[in-house]
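To find a chain, count down the sequence lines: A is the first, B the second, and so on, and within it residues start at 1. Note that this is a predicted model, so its numbers are computed, not measured.
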There are 2 protein chains.
Amino acid sequence: MLSKKTKYGLKALTYLASVDCKEPVQIAEIAKHENISQKFLESILLTLRRNGFLGSKKGKGGGYYLIREPKEILMTSVIRVLEGPIAMVPCVSLNFYEKCDDCPDENKCSVHKLMLQVRDSALEVYRNTTLADLIS
Amino acid sequence: MLSKKTKYGLKALTYLASVDCKEPVQIAEIAKHENISQKFLESILLTLRRNGFLGSKKGKGGGYYLIREPKEILMTSVIRVLEGPIAMVPCVSLNFYEKCDDCPDENKCSVHKLMLQVRDSALEVYRNTTLADLIS
DNA sequence: TATTACCCTATCGTTTTTGTAGATTTTAAC
DNA sequence: GTTAAAATCTACAAAAACGATAGGGTAATA
């Protein structure tokens, strides 16, 4: 299940991309437009800024704005920052690998085998989708 | 993230398929072989039985056994029974559809658009994988 | 001085995972 | 037959983890 954090983050990014001017947009405006709890969105936008997707400006006329072109923003990176691993089990994750504590041999594990395929298929989608593709 | 319930359920099914004889296998044996909490596994096997994947026999010499050929057991059905929806958001789920309470128009929603593709790609994998494919 | 992002913390609620305790059914030994 | 052992079945509950949200204060900027 996709967390609301990711969902809201994606919606916020899409909104910022659709506004297209580089003027800062206030948290309150995004929250209202997308029906998101403002306080929650606040923390989400912060992580997006810390991870190089957004810039921000304080004070009057301040807000958040995209610092990269929508076409340059891949879903792989957005998802990894907001949701974490793309893989459904850590033992098949490229960026968040962890060994299972059960499971003596990954290569013989049926779950591993299946989830490797699922990961690859999801990766295929995320790699071929940019923020620009999500704007209707 | 895949729940342990699903993970353990898949491992148990694979184990039962690999044993291949139709003799009942005890919960304790499966739990031990796959490093699974026996009590937890017990409830998982129960749901698999209730959903027509397994048969059981009580008493001495009892246990669980497959009642369908591994080749006939599709991952789509296993995942749906153990994990629930394959889709990452309810609004793109085929079997567990729910409307988002935010989101006035699904067709314009960026998350909807993205997750529809992710669902389809996962579905592609699950539909083309049977229990027999997971045995090494 | 007003406005806005920034930051930390606490809390509530849900889900997941595991454990406890016993009831029920079947087999097999006596 | 009676009994004991071996297993599944059932319900519940507790613990742990996680997700989502809210509160309140700080810092920067126009």
Side-chain angles (χ1 to χ4, degrees), chain A residues 1-12 16 23-32 34-51 53-67 81-85 88-90 96 98 100-102, chain B residues 1-12 16 23-32 34-51 53-67 79 81-85 88-90 96 98 100-102 111:
Chain A
M1 186 67 62
L2 199 74
S3 67
K4 293 203 173 182
K5 182 179 176 185
T6 305
K7 186 182 180 186
Y8 293 164
L10 279 171
K11 284 195 170 193
L16 287 174
E23 288 299 298
V25 179
Q26 295 156 28
I27 297 177
E29 182 183 332
I30 307 175
K32 195 175 178 187
E34 301 293 338
N35 293 313
I36 302 172
S37 146
Q38 175 163 344
K39 227 38 180 133
F40 192 21
L41 181 60
E42 203 172 298
S43 70
I44 296 169
L45 295 177
L46 206 53
T47 42
L48 286 173
R49 196 212 57 173
R50 286 182 176 142
N51 286 91
F53 295 98
L54 299 177
S56 67
K57 201 181 162 189
K58 287 183 181 178
K60 195 167 190 175
Y64 281 98
Y65 50 91
L66 286 176
I67 55 178
V81 161
L82 293 175
E83 188 77 5
M88 293 187 76
V89 281
F96 299 83
E98 265 181 64
C100 298
D101 33 356
D102 52 327
Chain B
M1 188 65 61
L2 199 74
S3 67
K4 293 201 173 183
K5 182 179 176 185
T6 305
K7 186 182 179 188
Y8 294 164
L10 278 171
K11 283 194 171 194
L16 288 175
E23 288 298 298
V25 179
Q26 296 156 28
I27 296 177
E29 182 183 332
I30 306 174
K32 195 175 179 186
E34 301 292 338
N35 293 312
I36 303 173
S37 146
Q38 176 164 343
K39 252 335 195 176
F40 193 23
L41 180 60
E42 213 168 292
S43 71
I44 297 169
L45 295 179
L46 207 53
T47 44
L48 286 174
R49 196 212 55 170
R50 287 182 176 142
N51 285 92
F53 295 98
L54 299 177
S56 67
K57 198 182 163 190
K58 286 186 180 177
K60 196 166 190 177
Y64 281 96
Y65 51 91
L66 287 177
I67 55 178
I79 295 291
V81 161
L82 293 174
E83 188 76 5
M88 294 186 77
V89 281
F96 300 83
E98 265 180 63
C100 299
D101 33 355
D102 54 325
V111 177

**Message:** If you apply the rule side-chain contact (heavy atoms from CB on, under 4.5 Å), what do you find for Lys11(A) with Val111(B), and how did you get there?
**Reply:** CA-CA 7 Å; Lys11(A) 284 195 170 193; Val111(B) 177; 3.9 Å; yes
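- The side chain to side chain donor-acceptor pair (under 3.5 Å) search around Ser56(A) returns none, not counting sequence neighbours.
- Contacts between residues 37-44 of chain B and DNA chain C, counted as heavy-atom distances below 4.0 Å, involve Ser37(B), Lys39(B), Phe40(B).
- In this structure, CG on Leu16(A) lies 11.5 Å from OH on Tyr65(A), to the nearest 0.5 angstrom.
- Residues from residues 54-62 of chain B placing a heavy atom under 4.0 Å of any atom in DNA chain C, listed by number, are Lys57(B), Lys58(B), Gly59(B), Lys60(B).
- Looking at residues two or more places apart in sequence or on another chain, you find a side chain to side chain contact (heavy atoms under 4.5 Å, CB included) between Phe40(A) and Lys4(A), Lys5(A), Tyr8(A), Ser37(A), Ser43(A), Ile44(A).
- Lys4(A) places its NZ atom 15 Å from the C1' atom of dA22(D), with the value rounded to the nearest Å.
- In this structure, Met1(B) atom CE and dT17(C) atom C1' are separated by 15 Å, rounded to whole Å.
- Relative to the side chain of Arg49(A), the nucleotides dT17(C), dA20(D), dC7(C) differ in distance, and dC7(C) lies closest.
- Note that CE of Met88(A) is 12.5 Å distant from NZ of Lys7(B), once rounded to the nearest 0.5 Å.
- Leu82(A) places its CG atom 15 Å from the C1' atom of dA20(D), with the value rounded to the nearest Å.
- For Ile27(A) and dA28(D), the CD1 to P distance is 17 Å, given to the nearest whole Å.
- Listed by chain and residue number, Lys39(A) satisfy the side chain to side chain donor-acceptor pair (under 3.5 Å) test with Glu42(A) (two or more places apart in sequence, or in another chain).
- Counting to the nearest Å, the C1' atom of dT27(C) and the CD atom of Gln26(B) are 12 Å from each other.
- Side chains of Val89(B) and Glu98(B) form no contact here, defined as non-hydrogen atoms less than 4.5 Å apart.
- Protein atom CD of Glu23(B) is 15 Å distant from nucleotide atom C1' of dT26(C), rounded to whole Å.
- Distance, Leu45(B) CG to dT10(D) P: 13 Å, rounded to whole Å.
- Between the CD atom of Gln38(B) and the CG atom of Leu45(B) there is a distance of 10.0 Å, given to the nearest 0.5 Å.
- Protein atom CG of Leu46(A) is 8 Å distant from nucleotide atom C1' of dC7(C), rounded to whole Å.
- Side-chain contact between Leu82(A) and Leu48(A) is present, with heavy atoms from C-beta onward closer than 4.5 Å.
- Atoms CD1 and CG, from Ile36(A) and Leu41(A) in turn, are 5.0 Å apart once rounded to the nearest 0.5 Å.
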**Request:** Determine, for nucleotides 9-14 of chain C in 5'-to-3' order, which nucleotides have protein heavy atoms under 4.0 Å from the base (write B), from only the sugar-phosphate (write S), or from neither (write -).
**Result:** ------
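- Residue Arg50(B) places at least one side-chain N or O under 4.0 Å from the OP1 or OP2 atom of dT10(D).
- With a 4.5 Å cut-off on side-chain heavy atoms, Phe53(A) and Ile67(A) do not count as touching.
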